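Scroll down for the structure; my scribbles are underneath it.
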Amino acid sequence: MAKNILSDEAKILRLIKWGLTAKNAKDILEKLDGEGKILIHGSIGSGKTNFLNELIRLKNNNECFEYYTNGHDCELTNDNKGRLSKSGQADFIVIDEQRKNNVESLIRYLERNNSKCVIFTFLTSSIKDIISMDKKITPYSDIIIFMDRNNIHSVRINTIHDRLLFEAKNKMDIFQRDLYPYMYIRSEWLKVLTPAQKAAVQLANMNYSLEDGGLGGWYQEDGEIMAMDIPDLLQLCAIGIEQNILGYTFLYGWLNTVCKEYLPLISSELSLPEDKTKLPYDSEGLIKQYYSWIDRNDSFDKLLTYLDKGLLG
């Protein structure tokens, strides 16, 4: 078969007609060209399978695929049917109209085909279905597309950070959290995580706390989590610097400033809520420095990808 001769620009324009932004279109094409897991969900008649067929067309015509459906008639278009694998050696996988009653088998199939691109649709007829999907299936997906009336309603991107946090959260479920203090549970939890999962948890906690409440939000009551995580975060910075990942030289210096200038004064600052100007320290300036690192999430993902590949030590 002839190779798909559409340029990337032409593919992006076709996707934009479905309601995508140019950036989301580029993200989808990147996952199509690699080992991405693309989840398309919506109600019956929302256009899920129509968009599924469009994504198949955007794959190179010399690539064949395996096709699975949930018992209804095959809804592949004629131009795509000719690309069904006949030898069992498929280049990518297509799974259509999966439902909540076969979630476990779908997850097993996604795990078995981790090294191939998988495009799959999932029926969501209610908010309850979407919540269930987000809890069980979304973490195995790279891109989640919500269809409505044959148009794309929303697109979500799942990063490696999202996946590692999901894996880490599942490991928290083994602990009886109502029987022990939270700090003890957290320290034991971190011990059972992989280096990548632990880094994901600590980077997320730092970043979310700083974005939500500044340095005080990270410190919270008595600073135990902050004190627990900073030594590990400094080690992560050293790895990031060694791997030439942008931002970690800044973060290393910033964390050292927090240790030397913020932590020794925080108890005094909390005891003087009405007159913090008496302290020879500008906490607002320090948090502004952190906010100026605008591509930090990209730097987090690059470091987590390195750790997740098991390249550490």
Side-chain angles (χ1 to χ4, degrees), residues 1-18 20 22-42 47-99 102-123 133 137-145 147 152 155-160 162-163 301 305 308-310:
M1 292 182 181
K3 191 173 183 178
N4 192 323
I5 59 174
L6 283 177
S7 66
D8 285 346
E9 291 76 12
K11 292 178 181 179
I12 288 171
L13 287 174
R14 286 180 64 155
L15 289 173
I16 287 174
K17 291 180 179 178
W18 287 85
L20 287 166
K23 182 182 183 308
N24 284 336
K26 290 178 182 177
D27 289 335
I28 289 175
L29 288 180
E30 180 183 334
K31 297 304 179 184
L32 275 177
D33 290 339
E35 301 169 357
K37 307 298 180 285
I38 302 175
L39 164 59
I40 308 165
H41 75 97
K48 300 186 301 299
T49 303
N50 290 337
F51 189 62
L52 176 82
N53 276 291
E54 178 73 335
L55 293 184
I56 295 172
R57 292 186 196 102
L58 296 181
K59 295 283 287 182
N60 287 333
N61 281 341
N62 61 347
E63 293 185 1
C64 61
F65 61 93
E66 293 180 28
Y67 177 73
Y68 302 92
T69 185
N70 192 38
H72 60 57
D73 294 336
C74 173
E75 294 188 20
L76 292 174
T77 53
N78 289 331
D79 57 333
N80 286 329
K81 286 180 181 178
R83 298 170 59 187
L84 287 168
S85 172
K86 298 178 177 61
S87 64
Q89 300 298 317
D91 298 294
F92 62 104
I93 312 295
V94 174
I95 308 173
D96 195 17
E97 202 67 15
Q98 296 300 290
R99 306 185 181 209
N102 59 349
V103 164
E104 299 305 323
S105 60
L106 174 60
I107 291 173
R108 288 194 296 271
Y109 201 84
L110 291 171
E111 291 175 331
R112 286 201 304 270
N113 289 278
N114 189 50
S115 61
K116 290 184 179 181
C117 176
V118 180
I119 311 167
F120 62 109
T121 69
F122 191 83
L123 178 65
M133 178 194 74
I137 302 172
T138 296
Y140 295 93
S141 311
D142 296 305
I143 295 181
I144 303 94
I145 300 166
M147 298 292 299
I152 293 175
V155 177
R156 286 184 286 161
I157 307 296
N158 249 4
T159 66
I160 186 172
D162 296 319
R163 176 175 62 79
D301 285 349
T305 298
D308 192 48
K309 289 180 179 178

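Because the structure is predicted, anything quoted here is derived from the model rather than measured. Just so you know, residue 1 is the first one in the sequence shown, and it goes up from there.
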Next on the checklist: Looking at every heavy atom in both Asn102 and Gln98, which two are closest together, and how far apart are they?
Outcome noted: ND2-OE1, 2.7 Å

Next on the checklist: With a 4.5 Å cut-off on side-chain heavy atoms, are Val118 and Phe65 touching?
Outcome noted: no

Next on the checklist: With heavy-atom distances below 4.5 Å as the criterion, would you say the side chains of Ile152 and Asn24 are in contact?
Outcome noted: no

Checklist entry - Does Lys26 NZ have over 12 foreign heavy atoms under 6.0 Å away? => result no

Item to check | Donor on one side chain, acceptor on other, Thr49 and Asp96, under 3.5 Å | outcome: yes

Checklist outcome for this item: Note: Gln89 and Cys64 closest approach over all heavy atoms is O-SG, 3.6 Å

Checklist outcome for this item: NZ (Lys11) and NZ (Lys59) are apart, to the nearest 0.5 Å, by 8.5 Å

Item to check | Closest heavy-atom pair and its distance - Ala90, Glu66 | outcome: CB-CG, 3.3 Å

Checklist outcome for this item: Separation between CG (Leu39) and CD1 (Ile119), nearest 0.5 Å, reads 12.0 Å

Next on the checklist: Counting C-beta onward and ignoring hydrogens, is there a side-chain heavy-atom pair between Arg14 and Leu6 closer than 4.5 Å?
Outcome noted: yes

Checklist entry - So, do Arg163 and Ile160 sit near enough that their side-chain heavy atoms are less than 4.5 Å apart? => result yes

Checklist entry - Mind checking whether Leu55 and Ile40 have side chains closer than 4.5 Å, heavy atoms only? => result yes

Checklist entry - Do Asp162 and Thr159 have side-chain atoms, one donor and one acceptor, less than 3.5 Å apart? => result yes

Checklist outcome for this item: Separation between CE (Met133) and OG1 (Thr138), nearest 0.5 Å, reads 4.0 Å

Item to check | Euclidean distance, Arg112 CZ relative to Leu110 CG, rounded to 0.5 Å | outcome: 9.5 Å

Checklist entry - Do Lys23 and Asp27 come within less than 4.5 Å of each other through their side chains, counting heavy atoms only? => result yes

Item to check | Side-chain donor or acceptor of Asn53 paired with backbone N/O of Glu75 under 3.5 Å | outcome: yes

Checklist entry - Hey, does Tyr67 have a side-chain heavy atom less than 4.5 Å from the side chain of Lys81? => result no

Next on the checklist: Out of the candidates Ile145, Ile95, Leu52, only one should pair with Thr121 under the side chain to side chain contact (heavy atoms under 4.5 Å, CB included) rule; please name it.
Outcome noted: Leu52

Checklist entry - Which atoms form the tightest heavy-atom contact between Leu84 and Leu76, and what is the distance? => result CD2-CD1, 3.8 Å

Checklist entry - Do the charged groups of Arg57 and Glu54 touch, with an N to O distance under 4.0 Å? => result yes

Checklist entry - Out of curiosity, Ile107 CD1 to Tyr140 OH, how far, rounded to the nearest 0.5 Å? => result 5.0 Å

Checklist entry - With ring centroids as reference points, do Tyr109 and Phe120 lie under 6.0 angstrom apart? => result no

Next on the checklist: Between Glu97 and Lys48, does the salt bridge (Lys or Arg N to Asp or Glu O under 4.0 Å) criterion hold? Intermediate values first, please.
Outcome noted: CA-CA 8 Å; Glu97 202 67 15; Lys48 300 186 301 299; 3.5 Å; yes

Item to check | Non-hydrogen atoms of Asn62 and Asp91 that approach each other most closely | outcome: O-OD2, 4.1 Å

Next on the checklist: Could you check whether Asn80 and Thr77, counting side-chain N and O atoms only, form a donor-acceptor pair closer than 3.5 Å?
Outcome noted: yes

Next on the checklist: Could you walk me through whether Tyr68 and Ile93 satisfy the side chain to side chain contact (heavy atoms under 4.5 Å, CB included) test, starting with their C-alpha distance in whole Å, then the side-chain angles of each, then the deciding distance to 0.1 Å, before giving a yes or no?
Outcome noted: CA-CA 8 Å; Tyr68 302 92; Ile93 312 295; 4.2 Å; yes

Checklist entry - Has the side chain of Lys37 got a donor or acceptor atom that lies under 3.5 Å from a matching backbone atom of Lys116? => result yes

Next on the checklist: As an exercise, state the distance from CG of Leu106 to CZ of Arg99, rounded to the nearest 0.5 Å.
Outcome noted: 13.5 Å

